[in-house]
Amino acid sequence: MTRVIFNEERCKGCGLCIQFCPKSIMYLSEQRNRLGYNYAIIDDMAGCTGCAICALMCPEVIIEVVEEAAV
Amino acid sequence: MTRVIFNEERCKGCGLCIQFCPKSIMYLSEQRNRLGYNYAIIDDMAGCTGCAICALMCPEVIIEVVEEAAV
Amino acid sequence: MSEVILMKGNEAIGEAAIRANCRHFFGYPITPQTEVLEYLARRLPEEGGAYVQAESEISAINMVFGASCAGARVMTASSSPGISLMQEGISYIASAQLPAVIINIMRGAPGLGGIHPSQADYFQSVKGGGHGDYKLIVLAPSSVQELIDHTMLAFELSEKYRTPVMVFGDGMLGQMMEPVVFPDYLPPPVDRPWATTGMEGRGPNIVHTLYLPAPDLENHCHRLFDKYRDIEAREKRSQEYFTDDAEILVVSYGIASRVARAGVEMAREAGIKAGLFRPITLWPFPDLQLQAAAKQARLLISAEISMGQMIEDVRLGIRDKVPVKLFNRIGLVPNPDEIFEFIKAEAGEVSKIG
Amino acid sequence: MSEVILMKGNEAIGEAAIRANCRHFFGYPITPQTEVLEYLARRLPEEGGAYVQAESEISAINMVFGASCAGARVMTASSSPGISLMQEGISYIASAQLPAVIINIMRGAPGLGGIHPSQADYFQSVKGGGHGDYKLIVLAPSSVQELIDHTMLAFELSEKYRTPVMVFGDGMLGQMMEPVVFPDYLPPPVDRPWATTGMEGRGPNIVHTLYLPAPDLENHCHRLFDKYRDIEAREKRSQEYFTDDAEILVVSYGIASRVARAGVEMAREAGIKAGLFRPITLWPFPDLQLQAAAKQARLLISAEISMGQMIEDVRLGIRDKVPVKLFNRIGLVPNPDEIFEFIKAEAGEVSKIG
Amino acid sequence: MAKIKGYQRPQTLHDKPWHFCPGCHHGIVHRLCAEVVEEMGLQSQTIGVGSVGCGVFSYNYFNFDGIGPSHGRAPAVATGVKRVLPDKLVFTYQGDGDLAAIGTTEMVHSAVRGENITIIFVNNTLYGMTGGQMAPTTLMGQQTTTTPRGRTREQAGYPMKVCEMLATMDGSAYIARTAVFNPAQVLKTKKAIRKAFETQMAGLGFSLVEVLSACPTNWGMNPLEALDHVKDNMLPVYPLGEFKLKKE
Amino acid sequence: MAKIKGYQRPQTLHDKPWHFCPGCHHGIVHRLCAEVVEEMGLQSQTIGVGSVGCGVFSYNYFNFDGIGPSHGRAPAVATGVKRVLPDKLVFTYQGDGDLAAIGTTEMVHSAVRGENITIIFVNNTLYGMTGGQMAPTTLMGQQTTTTPRGRTREQAGYPMKVCEMLATMDGSAYIARTAVFNPAQVLKTKKAIRKAFETQMAGLGFSLVEVLSACPTNWGMNPLEALDHVKDNMLPVYPLGEFKLKKE
Amino acid sequence: MKRDFVMAGFGGQGVLSMGLFLAYAAMIEGKKVSYVPSYGAEMRGGTANCTVTISDREISSPVVAHPQNVVVMNHPSLEKFEPMLKSGGLLLVNGSLVHQDVQRNDIHALVIPCQELANEIGFPQGSNMIMLGALLELTKIIDNNHIYDYLVKTFKGKYMDKMPLNIKAMQTGMDYVRKRDVKILEIA
Amino acid sequence: MKRDFVMAGFGGQGVLSMGLFLAYAAMIEGKKVSYVPSYGAEMRGGTANCTVTISDREISSPVVAHPQNVVVMNHPSLEKFEPMLKSGGLLLVNGSLVHQDVQRNDIHALVIPCQELANEIGFPQGSNMIMLGALLELTKIIDNNHIYDYLVKTFKGKYMDKMPLNIKAMQTGMDYVRKRDVKILEIA
Ligand SMILES: Cc1ncc(C[n+]2csc(CCOP(=O)(O)OP(=O)(O)O)c2C)c(N)n1
Ligand SMILES: Cc1ncc(C[n+]2csc(CCOP(=O)(O)OP(=O)(O)O)c2C)c(N)n1
Ligand code: SF4
Ligand code: SF4
Ligand code: SF4
Ligand code: SF4
Ligand code: SF4
Ligand code: SF4
Ligand SMILES: [Mg+2]
Ligand SMILES: [Mg+2]
């Protein structure tokens, strides 16, 4: 299974990941991080295909997409 | 009749006028002018057609081609 | 026109140029000067003038050269690294005896440095950053109002003497806002009989700086320096606070002189006989005025935002008759307390000696 | 290597660079310096080095910046207007603490000026033609042999202190021929642990000049000036002739000092107690040496091929204890007779006073 | 478009926050440069030459040797480096103001000399760092702080086309224009950067990749609007593609 | 080729000797500029902007207003003049070192801005005035004092083609390359200069005429050999023709 | 009379506008003023701050070592400016973003939940105006009767549609501090 | 012993080579020398001149106000340098190009028809060598026995094919002045 890890505290809420996620499973949190931005989050991680398009678009390079060995 | 006037003292003897005179009536004098150059001259002015090609090529702008009223 | 308005230093410079009837500006963006450009990019077309954004500071200063040749009242503005790039052009403008106004809103340096306020281009502009023997008139305003007054004065002096004039600001003066009143418009430039405007009704005019036979160059330099001596005789300007009985005389210009004055006021309150001498023209340096102001002085302090540049002119100006010390900060405008503490410490020393 | 050969100044500089194991040169043609380029364009490929003809002096100085970052021993050469164009780059090199050698074969100025010998770039290079607080070590050779010696010394100093060094020649020194002997080759540059050569086996190296938080810039400037004070303490150089009992002390550097020396010799023959003090480093200026040499002096004469530039350092150096007068010519190297006549006239004055 | 399984920050980028505005394309281009250097195994062989503009801190972000040159002169600095270290990968990272305005001479002559360096050129049609002034690449009619009524021909002429111009030089070996306004374009940009670096390592001469980029802050747009602006308004003026491809 | 009946030195040239070497084409180009100004009746409306190079004294020869700018910056100076005096004829006279090396930025951006000025560009493939160093336009293999073994790609790349480059700019209105190695070419050059000046007077934008020229002195040839060199060796690299012709 | 103020926060939080208003209003009331922004167009995403000095007499120094009044809108600003505040001075803290306690006890400090108050009045962008209202109420540096007029003049007629909201936010800030027990400042 | 020389003429007349030879030869003979050309690569078609100083001791000034020996190869050079010549000094004039009379009578002047002499020996480019021979003969500054050797060294083996002609020209110059009644120079 793939997992998408965001470094939320560094997210600037630009929305590029959200825009291009083919599964549309990302959105901006209502919360602000310490920088003052609403940051990107995923709830439904199961819907993620691990395509890493979000990481490809993120200008802050704060998304990592990792394979997790199925437990 | 046309007459070609050289300012001999300013001629640098480059030979461009001579090279392109369609009548081949020009040549470099054996004499040097005060600048130390062998300067261009014409003996056979009658052979000149007044085409002014010599003036067109002269980099020193020292050739004038004038029309002389036939006397 | 005597309405008081609150204005940012850089914009005030722009509007002062408009009021000076300057209608041509050539410049290149650089922090902390950029608002001069931005202001004029908006205002000049409204006034029928031309704002041209040059592709570099080198192009800008050479466009200024051309526009001045063509008889226009013309200005450029930049900040330290950009002014370095203009040095060749400035040398040409000075040599060609063209009027032109150059604004330097200094920033931290050397190298890329930073965008902090600075006064570290003193040597460059006051001594001569370009090649050869020439001088720039250098004006050192210390408030937004003076940015206006000096910009307008710069046009007058540059035309009176046919010489480039530099107005020396810094990042803080350029960015801060203060209430200002604009003086009346200057009349448009008078006809310049030497300008290359097309030889309608006269022989050709030529503006150049090449003097190949050596005696021609020597004569040219002597002509220039005759003019410079004239300027030295007439245009030295300065301001003084509490100098009458000052035993410790702080010498400081531009934004630094504002805090120096506050420091001197604090010293006076503390019973120290401190005073402030503020050069307004950096070249010509007001040495005679300094000598007069320093009559009672036992110590001079050169307070600058640089590693000790004006101090040489202070030493030369006072003819080494009184010791001169350096107070300086880099990258920031010092605060009055620091200057006060420095004065206080030195006052202790001075009284010990005295 | 101790063969005596007759060599033109500019070519001697080129060969000196070769012998200093400098293998990279970037430059742009300008009279009267061009033979440095031409010589190196021929010689460097023979030695496995690179001659790159830059498209301008700005590019040249920035290529020097890059090559020095990459750990090379590197040089450029130009003449006055070209040196003006390098001012921004020089400020960057000084700030980045990069070793580099810059040759200035000065010519007539300001503006395009002429191609005559000149010393009018003194302020520019000695005080700081670029923006911000920095210093250049400036060497002032007075013969073709010294062009060689100082060029090689320049490489040594620039690497010892990680700072740009300028060698100050002029059109006459560059063009004239004198017999010279070349010293031994300098060893190739040692490894520079800070150089950007690729991070093989270490963390990344960075060369930059941006110090955005103000305290960083202030610290940076203090580090630079600590180094400069060190240089001032160790590297002031000068030469003296007949100074022991000199009542009239001529101060003169470079080609001017040659004729000044001849003038002084004539004065001695005429029974005048004249002497010559020759600064070899213009920055740091040998002020202590000057004070010592001037012990008996009643008058100092600053003899320069400029409108009075070094004279300020002479005044500062002598702390205004002895009057200083200017002797100068522009566009040409004065001849010994002129200096002698000047000394003679002043000797009359001095004895009247004394 | 190839599917990427897993993504990790490359070793060639330090793990620290950077100063770009939200949605700024500088971040994407930085990352791509770093990825290509890593994938080519050149981390210890690379010298990055920055510039003055919003990319000024590149040397703080890239985890390889870096130089901060003066405004516009990066190609000259890179030339100096490359002539000393001909086998290393030397590239500059420059904005449109830095490269196409003040640095025109250095850019053109690197191409004339066929200097074996690479320029990564981030074209966002204005001077980002100084607050959004007109650049030579500013679009016709585009409002900037120094073209408050939009760029006009009378005042400032026409947008400058760097790739088209440099492609006329015999010394240029690889010249391409790309964009990063969607994932496919990002991948194409990465490929172009790789080709450019390979061109250099093969010693074929001068290479340049122009990346059409967004400056949401100075365009006064949000990051998504900015993507559309690149696509809708920049592409017609600055067509994508390879303008020069020397195979030698 | 049209037959000219009579020839007289134009009023727009002072009647004094000039400093060019024997057979130098600068003289021909100077004369053509002066003739066109005269024929267009613009003597009192013209400001000539010189340059630093063997054409440095142009202001002493032309009998109209003249300016001597710094090396390479003539187009910027001309821009300054033109923005003040938009109705006058403003042209620069520059060599290949001045224009195509140090002055590249100023040249390119005059074209980018579509600046309504004309550049007369004398390309003699080297720096004449300083004694014959390599210029960006030096031919491959050509020996100069700084390419003693001939220009090579490794050291200095390839000849720079100014017309081809500037023709890619939207702001350029008239771009032509001509030569003066025989009477027909001289007449063509004159026509091109006239077209360029007319382009300017019609307000169409930037114009440039490149004239392939001989420097017999630094080529080490006599003036007639130099003519052949232009024809045989320069023409293949620098084809003649009009590269841009805006009609509005 | 000489009063100085530092206001600090993120870029975009409107601290520069606050300072600008203060300077404008005081100028209109015939005072000498100076306004010094920190500037950083070459830096993105940094903090912004400004110093405003208001005086009856000509202002020598536009910079102050120890400001009498400090407003901090975010956390880094608190860290930077709390230590600099003059003893006995006033410190206003935007409690919505700053969750750290004020350390000094030789000063008058007040925490204001700007965002929450702004949300309450349906003007979530109004945090800075809430804070400005609080500051004006506490320092009485400006004649509150003309605030609307001053606002219009400061912003030269821009944002006219938002004016009523801005006024409301200011008044909310004023009300908030009036209800608290804060000693009105007495400057040393 | 200190001797100085100025030689002047058109560019291309070989005056710089003359000076160079003098400097080289004197150096080889162990003297101190300095050679200062006028330079004018930025000027075409001007005049050229050089100053050579030869001395037993280190040379202070490489420039001289009043040269002891002057060679003029063309008219403008005569006009420029005749007045500067030291009283009692030697002036050699190229009579082939200079048709004006020498004015001063406090100097030793000699007119040499260089071109004609050069033509006579079938080496029309040899004017300068004719003149150099004359100068060497009159001043005896160089040991004439080694001239060929010095020439080869000066020009580093270039022009080897022309060497015999150059030597011949020099000797022609020497012979010419030996036949004239010129007092050998005694410098003041
Ligand atoms: C000599 C000099 N001139 C001007 C500047 C100011 N300056 C800094 S960045 C910049 C422009 C940056 O624009 P660009 O290259 O397009 O980069 P961007 O910020 O848009 O990415 C300018 C003009 C400078 N630092 N140095
Ligand atoms: C800043 C500066 N750099 C260099 C020079 C020296 N310089 C004078 S003319 C010239 C080159 C001239 O070549 P070009 O423009 O081709 O003209 P040409 O003489 O060949 O006609 C140079 C480099 C200068 N005067 N100023
Ligand atoms: S990896 Fe692909 S599917 Fe998963 S969140 Fe990212 S873009 Fe969406
Ligand atoms: S692309 Fe990156 S910075 Fe932008 S919202 Fe997504 S995670 Fe945040
Ligand atoms: S006018 Fe024609 S025919 Fe007459 S000399 Fe000149 S070129 Fe020859
Ligand atoms: S073209 Fe002119 S300069 Fe040349 S030889 Fe003929 S007349 Fe003389
Ligand atoms: S100003 Fe523009 S280019 Fe610069 S970081 Fe922000 S968005 Fe990017
Ligand atoms: S050097 Fe060349 S370009 Fe210059 S005048 Fe002589 S021939 Fe003409
Ligand atoms: Mg940009
Ligand atoms: Mg040329």
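Quick note on labels: first sequence line is chain A, next is B, and so on, each numbered from 1. Because the structure is predicted, anything quoted here is derived from the model rather than measured.
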Contact summary for Thr105(E) and Ile102(F), nearest pair of heavy atoms: OG1-O, 4.1 Å
Tell me the closest heavy-atom pair linking Pro136(E) and His109(F), and the distance in Å. CG-CE1, 3.5 Å
Between Leu166(E) and chain F, which part of the residue has a heavy atom less than 4.5 Å away: side chain, backbone, both or neither? neither
Name the region of Ala167(E), side chain, backbone, both or neither, that has any atom closer than 4.5 Å to a heavy atom of chain F. neither
Residues of residues 168-179 of chain F with a heavy atom under 4.5 Å from any heavy atom of chain E, in residue-number order, are Thr168(F), Met169(F), Asp170(F), Gly171(F)
Per-residue contacts, residues 208-216 of chain F versus chain E, heavy atoms under 4.5 Å: none
Could you give the distance from CZ (Arg113(F)) to CE (Met160(E)), rounded to the nearest 0.5 Å? 11.5 Å
According to salt bridge (Lys or Arg N to Asp or Glu O under 4.0 Å), who are the partners of Asp98(F), at least two apart in sequence or on a separate chain? none
If you count heavy-atom pairs within less than 4.5 Å of chain F, which of Ala111(E), Ala156(E), Gly114(E) leads? Ala156(E)
Would you say Met165(E) and Val108(F) make side-chain contact, with heavy atoms under 4.5 Å? yes
Listed once per pair and sorted, the salt bridge (Lys or Arg N to Asp or Glu O under 4.0 Å) pairs that draw on residues 135-157 of chain E, sequence neighbours left out: Glu46(C)-Arg149(E)
Verify the neighbour count for atom NZ of Lys188(E): are there more than 12 heavy atoms of other residues, nucleotides or ligands below 6.0 Å? no
Hey, which of Ala100(F), Pro159(F), Gly205(F), Gly103(F) has the most heavy atom pairs under 4.5 Å with chain E? Ala100(F)
So, Thr104(F) and Thr104(E): side-chain donor and acceptor under 3.5 Å apart, yes or no? no
